[in-house]
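Written below as structure tokens is the structure these notes are about.
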Amino acid sequence: MSDSVVIIDNAGVRIIRMNRPEKKNALTQPMYAAMTRALREAEAGEAIRCVMIAGAPGTFCAGADIAEFLEAAQSGALRPSTVEFLKALAHSRKPLVAAVGGIAVGIGVTMLFHCDHVVAAADATFTTPFLKLALIPEAASSLLAPMRMGYARAFSMLVMGRPLSAAEAKEAGIVNTIVAAAAVDDVALKAAREIAALPAGAVVVSRALMRGRLDEIDRQIDTEVMHFRERLQSDEARAAFAAFLSRKK
Ligand code: COA
């Protein structure tokens, strides 16, 4: 386990906390790998009945690490950890709760489509600036977002990159509950405990019935990955990554 991801098991709930606040929890390959391991371990036994994904105060996750994007674009090396994380999320049989304490960007938003219950801070924002980076949506969001929020809203968010406020995300069906920032973790943990207290076998079957076809979701992730890798190495994407990394604040 790396320090940038902290795992705590508490009364049937596994908390996976992204912990790289100095970089707004931008996800690196070791972080994806640690989160994947944590999800797979939770899957393996009976002890964990619900998983909660959390961030730092004010920051849920600023998306993938753009410095790693640039490295991958330059070396042409394909990094498997991100895809393994997406698959582990999509294949989780254990229910997933998210505690969104602030900024959510890119995969910080799209991972929420795989969660069953999302608690957000009143000032949280949800942005997917894929196109600004000359990239395309991932994590099966190109399938799940139109289903969840309707095509028009999904296009505005995923393609135009328009941010959603917490209230808009709730209205769009991404968020269940909005609370004060300081209460996000507690309220999410309470919901996770509530789910963990339900009959485990019935929860697993219910959510599998409700989450749609996993083979379709898998195929969408694979197709997105194919295009994403191509886009990642385009000149326009490299220029966008370099511009972000050298920006003046
Ligand atoms: N990848 C790499 N580094 C990132 C990052 C990312 N996705 N998001 C933030 N950081 C880094 C910043 O470069 C900065 O590093 P520095 O202090 O060494 O300069 C640090 O995290 C703090 O970020 P900063 O931009 O100063 O914070 P902010 O509160 O002003 O803005 C964001 C926060 C998330 C709005 C802004 O950082 C941002 O737009 N990040 C990029 C998000 C993105 O495009 N993600 C990929 C989606 S596909």
Side-chain angles (χ1 to χ4, degrees), residues 2-5 17-35 53-75 78-79 81-83 85-86 89 98 100-114 120-142 144-145 154-166 168-169 174 181 184 220-221 224-234 236-249:
S2 76
D3 289 337
S4 50
V5 175
R17 187 177 297 285
M18 296 169 278
N19 182 41
R20 197 190 176 209
E22 72 286 1
K23 294 286 184 186
K24 304 279 170 186
N25 283 342
L27 293 177
T28 60
Q29 293 294 303
M31 290 171 78
Y32 287 121
M35 292 171 79
I53 303 176
T59 304
F60 181 62
C61 170
D65 187 293
I66 294 175
E68 281 195 352
F69 272 169
L70 185 59
E71 247 173 59
Q74 282 164 346
S75 69
L78 302 178
R79 314 297 291 274
S81 298
T82 314
V83 184
F85 171 65
L86 296 179
L89 260 188
V100 182
I103 298 165
V105 185
I107 198 168
V109 175
T110 55
M111 73 169 84
L112 302 176
F113 290 113
H114 298 276
D123 60 356
T125 53
F126 301 77
T127 320
T128 52
F130 296 114
L131 276 283
K132 289 192 179 117
L133 294 170
L135 295 171
I136 59 138
E138 33 64 328
S141 60
S142 57
L144 300 174
F155 188 90
S156 163
M157 182 178 87
L158 287 181
V159 179
M160 296 171 76
R162 290 202 182 161
L164 288 156
S165 65
E168 287 166 335
I174 301 173
V184 168
Q220 196 80 4
I221 291 177
E224 288 170 348
V225 165
M226 183 183 78
H227 291 294
F228 198 95
R229 283 178 171 161
E230 246 173 55
R231 295 292 96 219
L232 194 63
Q233 293 182 46
S234 68
E236 53 188 6
R238 289 174 204 227
F241 305 152
F244 173 76
L245 295 170
S246 63
R247 78 204 195 287
K248 302 232 176 343
K249 292 189 200 166

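As the structure lists them, so they are numbered: ligands from 1, and atoms in each ligand from 1. Atoms considered below: every heavy atom in the structure, side chains included; atoms not considered: hydrogens, waters and symmetry mates.
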| said: Among residues at least two apart in sequence or on other chains, which ones pass side-chain contact (heavy atoms from CB on, under 4.5 Å) with Leu131? | reply: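 Expected list: Val159.
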| said: The criterion is side-chain contact (heavy atoms from CB on, under 4.5 Å); which residues satisfy it with Glu236, sequence neighbours excluded? | reply: Ala134, Arg231, Ser234
Please tell me if the side chains of [X] and [Y] come closer than 4.5 Å, counting only heavy atoms from C-beta onward.
X: Met111; Y: Phe60; answer: yes
X: Ser141; Y: Leu158; answer: yes
X: Ile174; Y: Glu168; answer: no

| message | Can you list everything that forms a ring-ring contact (aromatic ring centres under 6.0 Å, His included) with Phe126? Sequence neighbours excluded, please. | response | none
Once you restrict both partners to nitrogen or oxygen, which atoms of ligand 1 have a protein partner under 3.5 Å, and how far apart are they?
from	atom 1	to	atom 2	distance (Å)
ligand 1	1 (N)	Ile66	N	2.8
ligand 1	7 (N)	Ala62	O	3.1
ligand 1	7 (N)	Ala64	O	2.9
ligand 1	15 (O)	Lys23	NZ	3.3
ligand 1	17 (O)	Lys249	NZ	3.3
ligand 1	18 (O)	Lys23	NZ	2.6
ligand 1	19 (O)	Lys249	NZ	2.8
ligand 1	25 (O)	Arg247	NH2	2.3
ligand 1	26 (O)	Lys249	NZ	3.0
ligand 1	29 (O)	Lys24	NZ	3.3
ligand 1	45 (N)	Ala62	O	3.0

